[in-house]
Amino acid sequence: MLGPVILAASHSDRMRRLISAAPVTRQVVDRFIPGETVDDVVPIVEDLTGRGLELTMDVVGEDITTPAQATAARDAYLRLVERLGPLELGTRAEMSVKLSMFGQALEGGHELALANVRPVVEAAAAIGTTVTLDAEDHTTLDSMFAIHEELRRDFPQTGCVIQAYLFRTEADARRLAAAGSRVRLVKGAYKEPAEVAHQQKHEIDKAYVRVLRTLMEGEGYPMVGSHDPRLISIAQELARQAGRKPDEYEFQMLYGIRSDEHLRLAAEGHRMRVYTAYGTDWYGYFMRRLAEKPANLLFFARSVITRG
């Protein structure tokens with residue numbers, strides 16, 4: 001039951017100030033966020049890809065209140081593309097974006113977000129890689145899916161994310177599991193009302209498996225976003241049943257969580273992509289990582305006690 005409390009705290013300015021000011025926080029945050037600038041993370045990219053892993057890069061920051069901030073977010077991604085280009089990694093290093101960063105919640109936000117994200121998708125395509133649109137709370141999804149559809153007309157490799165805990169997701173998966181699509185499935189990390197989302201872990205897990213089966217049996221490219229050993233095993237079995245080869249789907253996990261498992265899956269011949277976030281506006285991202293899994297919160301608490 002701690003998850004909803006932590007998610008509520010992610011929107012609290014007071015909690016943001018308290019946690020950000022705690023001396024231990026930076027050391028703990030480094031587990032999930034390896035740097036604040038593109039210069040910090042390029043060595044991480046080189047190290048992980050050198051060990052057989054792939055990445056999706058996220059410039060963190062969601063509290064966009066002005067068009068100028070949305071433009072700055074666009075430019076931050078364009079700088080990332082500029083630095084990735086000479087590495088010639090292609091799709092081994094792609095990008096994930098939250099449309100809230102590109103102005104989606106502002107007046108005229110749908111058009112503004114589309115106008116800001118398109119240059120990033122174009123630039124990514126120019127260096128041989130792509131972009132995945134992250135899912136946010138349920139009120140934003142119709143806009144996200146519409147932007148996804150619009151971008152795929154020119155850049156069909158553009159991916160999107162669906163969240164197993166939402167009731168709508170099974171229908172979304174059936175629609176998206178088409179040839180050429182790229183769909184990441186996650187459990188979901190936003191506080192959603194009971195009217196639109198499963199609330200119990202066992203119900204979310206069952207929904208995850210149902211949706212994953214739809215994606216594996218479809219014609220698109222499933223991206224399995226989970227750290228759960230049981231779900232990873234189920235994903236492998238569903239892929240086998242669907243006749244998929246190891247390069248016809250991939251696993252995705254967060255930077256700093258189950259790193260040994262990243263390497264194990266890659267060594268077995270699976271495509272293993274590490275979701276790697278960086279930036280100065282890390283608070284919301286960090287709090288959702290704590291909310292997703294009690295072990296993350298315990299890690300933070302132990303660190304506070306040990307170093308405090």
Side-chain angles (χ1 to χ4, degrees), residues 1-8 10 56 96 98-99 132-146 148-149 159-178 181-244 248-254 257-258 261 265 270 272-273 275 287-297:
M1 298 300 293
L2 285 173
V5 176
I6 299 170
L7 288 173
S10 72
T56 185
S96 289
K98 290 179 174 60
L99 293 176
T132 296
L133 306 184
D134 277 334
E136 301 182 72
D137 74 82
H138 77 279
T139 65
T140 68
L141 295 185
D142 286 340
S143 171
M144 185 274 281
F145 286 131
H148 175 245
E149 184 176 354
C160 71
V161 176
I162 55 177
Q163 301 166 103
Y165 68 170
L166 295 176
F167 299 146
R168 65 173 289 169
T169 297
E170 291 187 54
D172 288 331
R174 289 191 293 271
R175 174 176 56 83
L176 290 164
S181 68
R182 295 173 59 257
V183 182
R184 180 196 304 149
L185 174 63
V186 299
K187 289 185 179 181
Y190 291 83
K191 180 174 170 55
E192 297 285 13
E195 293 77 22
V196 303
H198 299 289
Q199 304 296 307
Q200 302 300 319
K201 181 183 183 301
H202 70 279
E203 293 294 342
I204 297 171
D205 287 351
K206 289 192 292 186
Y208 192 102
V209 173
R210 291 194 300 270
V211 174
L212 184 56
R213 183 184 299 276
T214 296
L215 296 178
M216 287 293 188
E217 293 178 351
E219 298 182 66
Y221 181 78
M223 300 180 283
V224 184
S226 178
H227 305 94
D228 187 327
R230 179 170 171 269
L231 291 180
I232 290 167
S233 295
I234 290 172
Q236 291 173 310
E237 176 59 22
L238 290 176
R240 186 193 66 79
Q241 292 176 9
R244 287 184 177 268
E248 293 177 337
Y249 66 101
E250 69 182 48
F251 293 102
Q252 295 192 3
M253 299 184 192
L254 297 170
I257 299 180
R258 302 198 71 201
E261 182 71 355
L265 288 168
H270 294 285
M272 175 63 231
R273 192 176 301 274
Y275 191 108
M287 294 298 282
R288 280 199 303 281
R289 301 294 76 79
L290 295 184
E292 282 175 347
K293 190 176 181 182
N296 294 342
L297 180 61

List the atom of [X], the atom of [Y], and the distance in Å for their closest heavy-atom pair.
| X | Y | answer |
| --- | --- | --- |
| Glu192 | Asp137 | OE2-CA, 3.2 Å |
| Ala207 | Ala164 | CB-O, 3.5 Å |
| Thr214 | Ala177 | O-CB, 4.0 Å |
| Gln163 | Ala135 | NE2-CB, 3.5 Å |

May I ask you to test the [X]-[Y] pair for a side-chain heavy-atom distance under 4.5 Å?
| X | Y | result |
| --- | --- | --- |
| Met272 | Met253 | yes |
| Tyr249 | Leu212 | no |
| Val209 | Lys206 | no |
| Val224 | Leu185 | no |
| Cys160 | Arg184 | no |

When rounded to the nearest 0.5 angstrom, what is the spacing between [atom1] in [X] and [atom2] in [Y]?
| X | Y | atom1 | atom2 | value |
| --- | --- | --- | --- | --- |
| Asp228 | Ile204 | CG | CD1 | 11.5 Å |
| Leu99 | Leu141 | CG | CG | 10.0 Å |
| Arg168 | His138 | CZ | NE2 | 9.5 Å |
| His227 | Ile232 | NE2 | CD1 | 8.0 Å |
| Thr56 | Met223 | OG1 | CE | 8.0 Å |
| Arg258 | Leu265 | CZ | CG | 8.0 Å |

Quick one: side chain to side chain donor-acceptor pair (under 3.5 Å) partners of [X], sequence neighbours excluded?
| X | answer |
| --- | --- |
| Arg174 | none |
| Arg182 | Glu94, Thr132 |
| Arg240 | Glu237 |

Among Glu250, Arg244, Glu248, which one satisfies side chain to side chain donor-acceptor pair (under 3.5 Å) with Tyr221?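 Of Glu250, Arg244, Glu248, side chain to side chain donor-acceptor pair (under 3.5 Å) with Tyr221 is met by Glu250 alone.
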
Would you please name every residue forming a ring-ring contact (aromatic ring centres under 6.0 Å, His included) with [X], sequence neighbours left out?
| X | result |
| --- | --- |
| His198 | Phe167 |
| His270 | Phe251 |
| Phe145 | none |

Derivation of the side-chain hydrogen bond (donor to acceptor under 3.5 Å, both in side chains) call for Asp205 and Tyr165: CA-CA 8 Å; Asp205 287 351; Tyr165 68 170; over 6 Å; no

Is there a donor-acceptor pair closer than 3.5 Å between any side-chain N or O of [X] and the backbone N or O of [Y]?
| X | Y | answer |
| --- | --- | --- |
| Thr169 | Ile162 | no |
| Glu136 | Asp134 | no |
| Ser181 | Leu176 | yes |

Hey, which of Leu231, Val186, Ile234 is the one that makes side chain to side chain contact (heavy atoms under 4.5 Å, CB included) with Ser226?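 Of the listed residues Leu231, Val186, Ile234, the side chain to side chain contact (heavy atoms under 4.5 Å, CB included) partner of Ser226 is Leu231.
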
